[in-house]
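A short write-up of the structure that comes next.
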Amino acid sequence: ELLASAASVQRFRRPEPRLEAGQRLAPLVTAMMDVSDGLLLDATRLATASGVTIALDSAAIPIAADLTTAALRDRALRWGDDYELLFTLPQRCKIGIDATRIGNVLPAGSHPLLFDGQPLPAGEALGWQHNRVNGSV
C-alpha cells in the first residue's frame, strides 16, 4: 500500500504546470515536453520523435522521499501526472532555472530508451496509454 505524504497528495491533486520554465527554456532546448504519462513512456516518445536514443540514469532521477521501497520508486517512473518538463539541450548550455540532469542523448540505436545502460524488457508497462483499456503499456 502506498502511504503518500500530504505534499505528494497535494501535488497530485493540484499540479502546477511549468509554464514559466517552459517559456524560458523554449529558445534554448532542442526538444521539450511535459511528463504526464510517465517518465519512461514520455522519454521514449521524445526519443522516437527526435530520432535519438535517450539514456536515463536511475540514480539521478528525483523521486519523492516518501516512496521508500525500490518497487514504489520503479512504479513512480511509470505513473505520470507529474507535469514536470523533460527536455534536451546542448551540453554546455546555461539555462538559468533549477533542473536536474537525468541522462544523455545518444545517436539513435536499436532502442529509443536505455535505463541504466540497458533497454527495458519488451512488453513492460512504461506508462499510461490513453488508447488502452487497461491504461498501461
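- When all heavy atoms of T30 and P90 are compared, the pair lying nearest together is CG2-CD, 4.1 Å.
- Hydrophobic clustering (side-chain heavy atoms under 4.5 Å, transitive across Ile, Leu, Val, Met, Phe, Trp, Tyr) groups V35 together with V52.
- Within the 4.5 Å cutoff, side-chain heavy atoms of L67 are placed close to those of W79.
- In this structure the side chain of I54 never reaches within 4.5 angstrom of the side chain of L106, judged on heavy atoms.
- No side-chain heavy atom of P17 sits under 4.5 Å from any side-chain heavy atom of D34.
- Scanning for side-chain contact (heavy atoms from CB on, under 4.5 Å) contacts around T69 gives A71, L72, with sequence neighbours left out.
- For R101 (side chain) and A99 (main-chain N/O), no donor-acceptor pair under 3.5 Å exists by modelled atom type.
- Both I63 and L56 belong to a common hydrophobic cluster when Ile, Leu, Val, Met, Phe, Trp and Tyr are linked at side-chain heavy-atom distances under 4.5 angstrom.
- In plain terms, the two heavy atoms of I97 and A21 that are nearest each other are CD1-CB, 4.0 Å.
- Checking each of L19, L25, V29 against L85 for a side-chain contact (heavy atoms from CB on, under 4.5 Å) leaves exactly one that passes, namely L25.
- In this structure, the side chains of L120 and L113 come closer than 4.5 Å at one or more pairs of heavy atoms.
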* Could you check I95 against F87 for side chain to side chain contact (heavy atoms under 4.5 Å, CB included), going step by step and ending with a plain yes or no? => CA-CA 11 Å; I95 58 173; F87 58 91; 4.0 Å; yes
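- Residues L77 and L114 do not share a hydrophobic cluster, clusters being chains of Ile/Leu/Val/Met/Phe/Trp/Tyr side chains in contact below 4.5 Å.
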Sequence neighbours left out, cut at 3.5 Å: what donor-acceptor pairs do the side chains of residues 38-49 make with other protein atoms?
unit_1	atom_1	unit_2	atom_2	d
D42	OD1	R45	NH1	3.1
D42	OD2	S36	N	2.9
D42	OD2	D37	N	2.9
T44	OG1	L40	O	2.8
R45	NH1	D37	OD2	2.6
T48	OG1	T44	O	2.9

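- Linking Ile, Leu, Val, Met, Phe, Trp and Tyr residues whenever their side-chain heavy atoms come within less than 4.5 Å leaves I102 and M32 in two separate clusters.
- In this structure, T53 contributes its side chain and H111 its backbone to a donor-acceptor pair below 3.5 Å.
- Linking Ile, Leu, Val, Met, Phe, Trp and Tyr whenever their side-chain heavy atoms come within less than 4.5 Å puts L86 and V105 in one cluster.
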